[in-house]
Amino acid sequence: MKSSAALVISGTPPIRLQIEERARTYGKDEDTKRQEKEETIRKWQREWEDTVEVGQWTKRLIPNVATWTNRKHGNVDYYLTQMLSGHGCFAAYLHKFALIESDICWYCQERDDAAHTFLHCIRWTRERTIVETAIGETLSTENITNTMIDSKEGWDVISQMAKGIISKKEEEERTRKRQLQGQE
């Protein structure tokens with residue numbers, strides 16, 4: 001079975017695993033329910049690890065579903081979903097659906113995906129520097145979600161970066177579309 005990146009991001013186990021858990025816990029005591037919940041998370045983790053076709057960016061950011069789903073703070077919003085899934089205003093993603101002509105970044109001529117946007121693109125150096133100053137280290141795929149999980153402040157600074165970058169990218173994409181429509 002495949003495990004969807006969207007389910008991992010939202011912290012929602014696949015419905016099949018939830019149904020199996022409910023069947024095993026019906027009428028049982030709280031300790032049994034807790035143990036079965038842990039078993040559901042273990043099964044979900046195995047499925048997530050076995051998923052190879054889709055969600056590779058998300059899997060790099062969220063390798064452990066238990067750590068992600070058991071966090072004590074933070075809500076995933078529209079902007080974080082785009083950052084964590086790689087689905088959004090990224091040239092590589094838009095190009096895959098023939099919504100734009102190229103997968104090349106509008107700012108630095110590299111392939112534009114979520115990793116490029118949040119970790120490498122020169123256009124977003126200021127936003128990245130704010131995060132890196134706050135967390136005391138260079139932002140990487142290995143520390144994005146750890147920073148978010150470790151503290152509410154870390155969550156907030158990453159969330160603010162995602163919102164700022166995605167909002168600006170979407171506005172600039174709308175401007176670019178209007179300019180192209182004016183040329184026709």
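The existence of a salt bridge linking Glu20 and Arg16 is confirmed by a sub-4.0 Å separation between a basic side-chain nitrogen and an acidic carboxylate oxygen. Ionic pairing of Arg178 and Glu171 is present here: one or more N-O contacts between side-chain nitrogen and carboxylate oxygen are shorter than 4.0 angstrom.
Rounding to the nearest 0.5 Å places CZ of Phe90 at 8.5 Å from CH2 of Trp57. The CG atom of Asp150 lies 6.5 Å from the OG1 atom of Thr147; values are rounded to the nearest 0.5 Å. In this structure, CG on Leu180 lies 11.0 Å from OG1 on Thr175, to the nearest 0.5 angstrom. Taking CZ from Arg123 and CD from Glu127, the interatomic distance works out to 6.0 Å, rounded to the nearest 0.5 Å. To the nearest 0.5 Å, the span separating CG on Leu7 from CG on Leu17 amounts to 9.5 Å. Within the model, atoms NZ of Lys37 and CD of Glu21 stand 5.0 Å from one another, a figure rounded to the nearest 0.5 Å.
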Full working for side chain to side chain contact (heavy atoms under 4.5 Å, CB included) between Thr141 and Phe118: CA-CA 9 Å; Thr141 53; Phe118 292 104; over 6 Å; no
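Heavy-atom neighbours of Phe97 CZ from other residues, nucleotides or ligands within 6.0 Å: above the threshold of 12. Within 6.0 Å of atom CZ in Arg22, 12 or fewer heavy atoms from other residues, nucleotides or ligands are found, so the atom counts as exposed in its surroundings. Within 6.0 Å of CD on Glu101 lie no more than 12 heavy atoms contributed by other residues, nucleotides or ligands.
Sorted by first then second residue, the ring pair (Phe, Tyr, Trp, His ring centres under 6.0 Å) pairs that include residues 119-166, not counting sequence neighbours, are Trp68-Trp155, Tyr107-Trp124.
The nearest pair of heavy atoms linking Ile41 to Ala66 is CG2-CB, 3.5 Å. In plain terms, the two heavy atoms of Ile100 and His95 that are nearest each other are O-ND1, 3.2 Å.
Glu110 meets the side chain to side chain contact (heavy atoms under 4.5 Å, CB included) test with Cys108, His116; sequence neighbours excluded. Legend: residues meeting side chain to side chain contact (heavy atoms under 4.5 Å, CB included) with Lys33, ordered by chain and number and at least two apart, are Thr25, Glu30. Taking the side chain to side chain contact (heavy atoms under 4.5 Å, CB included) definition, one finds that Glu132 meets it with Arg128, Thr138, Leu139, sequence neighbours left out.
Remark: the backbone N or O of Lys28 is not paired with any side-chain donor or acceptor of Thr32 at under 3.5 angstrom. Looking at Asp112, its side chain never comes within 3.5 Å of a backbone N or O of Cys105 through a donor-acceptor pair. Using modelled atom types, one side-chain atom of Thr40 and one backbone atom of Glu36 make a donor-acceptor pair closer than 3.5 Å. Counting only distance, with no hydrogens or angles, the side chain of Gln56 and the backbone of Thr51 share a donor-acceptor pair below 3.5 Å. Proximity of a side-chain donor or acceptor of Gln18 to a complementary backbone N or O of Pro13 within less than 3.5 Å is detected.
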Acceptor/donor pairs from residues 73-87 side chains to any protein atom, 3.5 angstrom cut, sequence neighbours excluded:
residue, atom, partner, partner atom, Å
His73, NE2, Met148, O, 2.8
His73, NE2, Ile149, O, 3.4
His73, NE2, Ser151, O, 3.0
His73, NE2, Lys152, N, 3.4
Asp77, OD1, Tyr79, N, 3.1
Asp77, OD1, Leu80, N, 2.8
Tyr78, OH, Gln82, NE2, 2.9
Tyr78, OH, Glu170, OE2, 2.4
Thr81, OG1, Asp77, O, 2.8
Gln82, OE1, Cys89, N, 3.3
Gln82, NE2, Glu170, OE2, 3.3
Ser85, OG, Thr81, O, 2.7
Ser85, OG, His87, N, 3.0

Expected list for residues 159-167: side-chain donor-acceptor pairs under 3.5 angstrom, two or more places apart:
residue, atom, partner, partner atom, Å
Ser167, OG, Lys163, O, 2.7

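Between Gln45 and Glu49, the side chains place a donor N or O and an acceptor N or O closer than 3.5 Å (distance only, hydrogens not considered). Side-chain contact annotation: Asn146 with Glu142, donor-acceptor N/O pair under 3.5 Å absent.
Using a 4.5 Å cut-off on side-chain heavy atoms (C-beta onward), Trp44 and Thr12 make no contact. Considering only heavy atoms from C-beta on, Tyr93 stays 4.5 Å or farther from Asp103 through its side chain.
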